[in-house]
Amino acid sequence: MSTTLTQAELAVLQSPLSNDCRVLYLLGLRPTANTASTASAAIDYKFLLSMLNGEHKDTPYQRGRQINSLLKQLELVGLVALPEALDLEHSINGKALLLPLINNAQSNFDTLHKSHFAISADWKPNKNLFLEMASLLGIIDTEYDENEVGEFISYWLGRPTTILSEFQWTQKFAHNIKHKRVAAGYSPVRKVGNQQVKVAAGIEADDNARKLVEKYATSTKKN
């Protein structure tokens, strides 16, 4: 575990962000995170609430959902990502989050934090970063089409005051893909680990053909 911030982390922490978010990240999440896996320690609402309240007598932070609200802001700027099974509409006490920028392997994406802009009609997600985000978010099928990119752009063109970095736009797109597939009741046909993945029909047909060949080859040998 390293407490030395990466350049990518510094770039985001120095961008417009509430001080409470900075405190939560720097003191509540970062010190105990695993730099190899990018996983945080298990979230402890009681500890985080006490840390954020500090010496405030009126204890402004009293509930876990207030922590989740700060985490949503950290997610928006790319400092935090959620594993597939978690969402910030429910308690994540005792669960681990992902801190994608703590690994020095992310340094290839440092330049994607340097410029901020409103989305444009010709915007494209950064493919390499999308694959990294997909891996962190548990998205097995990483294919997306122009329609999905177009819908994403169309939505954010209507919100021209939203200014993000290239890293943040691509991360937001990855989250959009994840949530769309979950909401659509994605129905895959093959299980990989503890996740199910939709398999191309051609591949499935090839597997079936192989099984038939093996079956009849065995029958022929017996006869």
Side-chain angles (χ1 to χ4, degrees), residues 1-107 109-110 112-114 116 132-133 135-138 156 159 161-165 167-176 178-179 182-183:
M1 298 179 187
S2 171
T3 56
T4 303
L5 297 176
T6 64
Q7 288 300 311
E9 287 177 296
L10 284 171
V12 177
L13 288 166
Q14 291 169 357
S15 67
L17 189 66
S18 74
N19 282 334
D20 284 351
C21 282
R22 293 189 179 100
V23 170
L24 176 59
Y25 185 81
L26 291 170
L27 301 182
L29 301 177
R30 186 60 166 83
T32 55
N34 186 311
T35 53
S37 67
T38 75
S40 71
I43 297 297
D44 183 342
Y45 280 153
K46 185 177 180 180
F47 165 73
L48 295 176
L49 290 169
S50 176
M51 180 195 68
L52 287 166
N53 285 324
E55 297 180 350
H56 285 289
K57 294 181 179 180
D58 56 348
T59 59
Y61 288 94
Q62 299 183 22
R63 299 187 180 278
R65 63 171 174 263
Q66 292 173 285
I67 300 295
N68 283 19
S69 179
L70 295 178
L71 290 172
K72 287 179 182 177
Q73 296 179 52
L74 292 175
E75 182 185 23
L76 178 65
V77 297
L79 287 168
V80 163
L82 298 179
E84 179 71 21
L86 300 184
D87 70 76
L88 293 173
E89 299 305 319
H90 299 87
S91 173
I92 57 169
N93 198 45
K95 307 295 184 182
L97 303 177
L98 300 171
L99 279 56
L101 302 187
I102 70 173
N103 192 314
N104 283 325
Q106 295 284 346
S107 60
F109 303 123
D110 283 353
L112 301 183
H113 290 282
K114 293 183 178 179
H116 292 70
E132 290 281 345
M133 289 293 105
S135 176
L136 288 170
L137 295 171
W156 288 105
R159 292 156 178 77
T161 58
T162 301
I163 307 296
L164 299 175
S165 69
F167 186 102
Q168 292 163 351
W169 279 123
T170 298
Q171 184 191 44
K172 188 176 284 292
F173 178 71
H175 278 283
N176 177 259
K178 171 187 170 181
H179 293 314
V182 171

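When reading the values below, keep in mind they use all heavy atoms of this one structure, side chains included, and skip hydrogens, waters and symmetry mates.
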J.: Could you pull out the closest heavy-atom pair between Met51 and Leu27, with the gap in Å?
T.: SD-CB, 3.5 Å

J.: If we only count heavy atoms from C-beta on, is the Ser40 to Leu99 side-chain gap below 4.5 Å?
T.: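 A side-chain contact under 4.5 Å exists here.
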
J.: Can you find a pair of side-chain heavy atoms, one from Leu17 and one from Leu74, that are under 4.5 Å apart?
T.: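 Side chain of Leu17 against side chain of Leu74, heavy atoms only: contact under 4.5 Å found.
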
J.: Any side-chain heavy-atom pair from Leu5 and Arg30 closer than 4.5 angstrom?
T.: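 When only atoms from C-beta onward are counted, Arg30 and Leu5 do touch, with a gap below 4.5 Å.
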
J.: Using 0.5 Å steps for rounding, measure from the CD atom of Gln66 to the CG atom of Leu52.
T.: 9.0 Å

J.: Got a second to check how far His116's NE2 is from Ser15's OG, nearest 0.5 Å?
T.: 5.0 Å

J.: Going through the distances and angles, do Leu97 and Leu82 end up as a side-chain contact (heavy atoms from CB on, under 4.5 Å)?
T.: CA-CA 6 Å; Leu97 303 177; Leu82 298 179; 3.4 Å; yes

J.: Looking only at side-chain N and O atoms, does Asn19 offer a donor or acceptor that is under 3.5 Å from a partner on Arg22?
T.: yes

J.: At what distance, to the nearest 0.5 angstrom, does CD1 of Ile67 lie from CG of Asn93?
T.: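 Spacing of CD1 (Ile67) from CG (Asn93) equals 10.0 Å.
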
J.: Write down the atom of Ile102, the atom of Ala33, and the distance for their closest heavy-atom approach.
T.: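 Looks like CD1-CB, 3.8 Å.
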
J.: Ignoring hydrogens and angles, tell me if any N or O in the side chain of Glu75 forms a donor-acceptor pair with the backbone of Val80 under 3.5 Å.
T.: no

J.: Just so I know, are the side chains of Met133 and Lys178 near enough to count as touching, which here means a heavy-atom distance under 4.5 Å?
T.: no

J.: Could you state the interatomic distance from CD1 (Ile43) to CG (Leu48), rounded to the nearest 0.5 Å?
T.: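 Going from CD1 on Ile43 over to CG on Leu48, the span is 6.0 Å.
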
J.: Where do Leu79 and Tyr25 come nearest, in terms of heavy atoms and distance?
T.: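 Shortest heavy-atom separation between Leu79 and Tyr25 comes out as O-CE1, 3.6 Å.
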
J.: What's the spacing between Leu70 CG and Tyr61 OH if we round to 0.5 Å?
T.: 4.0 Å

J.: Are the side chains of Leu71 and Ile92 in touch, meaning some heavy atoms are under 4.5 Å apart?
T.: yes

J.: Measure the spacing between CG of Asn53 and CD of Gln62 and express it to the nearest 0.5 Å.
T.: 7.5 Å

J.: Please tell me if the side chains of Val12 and Phe167 come closer than 4.5 Å, counting only heavy atoms from C-beta onward.
T.: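 Counting from C-beta outward, Val12 and Phe167 never come under 4.5 Å.
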
J.: Where is the tightest heavy-atom contact between Gly78 and Pro100, given as atom of each residue plus distance?
T.: O-CG, 3.5 Å

J.: How about Lys72: does its NZ atom have over 12 heavy atoms from other parts shown lying under 6.0 Å from it?
T.: yes

J.: So Leu76 and Gln168, side-chain contact (heavy atoms from CB on, under 4.5 Å) or not? Walk me through it.
T.: CA-CA 7 Å; Leu76 178 65; Gln168 292 163 351; over 6 Å; no

J.: So, for Trp169 and Thr162, which heavy atoms are closest and what is the spacing to 0.1 Å?
T.: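 For Trp169 versus Thr162, the nearest heavy atoms are CZ2-O, 3.6 Å.
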
J.: Over all heavy atoms of both residues, which pair between Gln73 and Cys21 is shortest? Give the atoms and the distance, please.
T.: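 The pair with the smallest heavy-atom distance is OE1-SG, 3.4 Å.
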
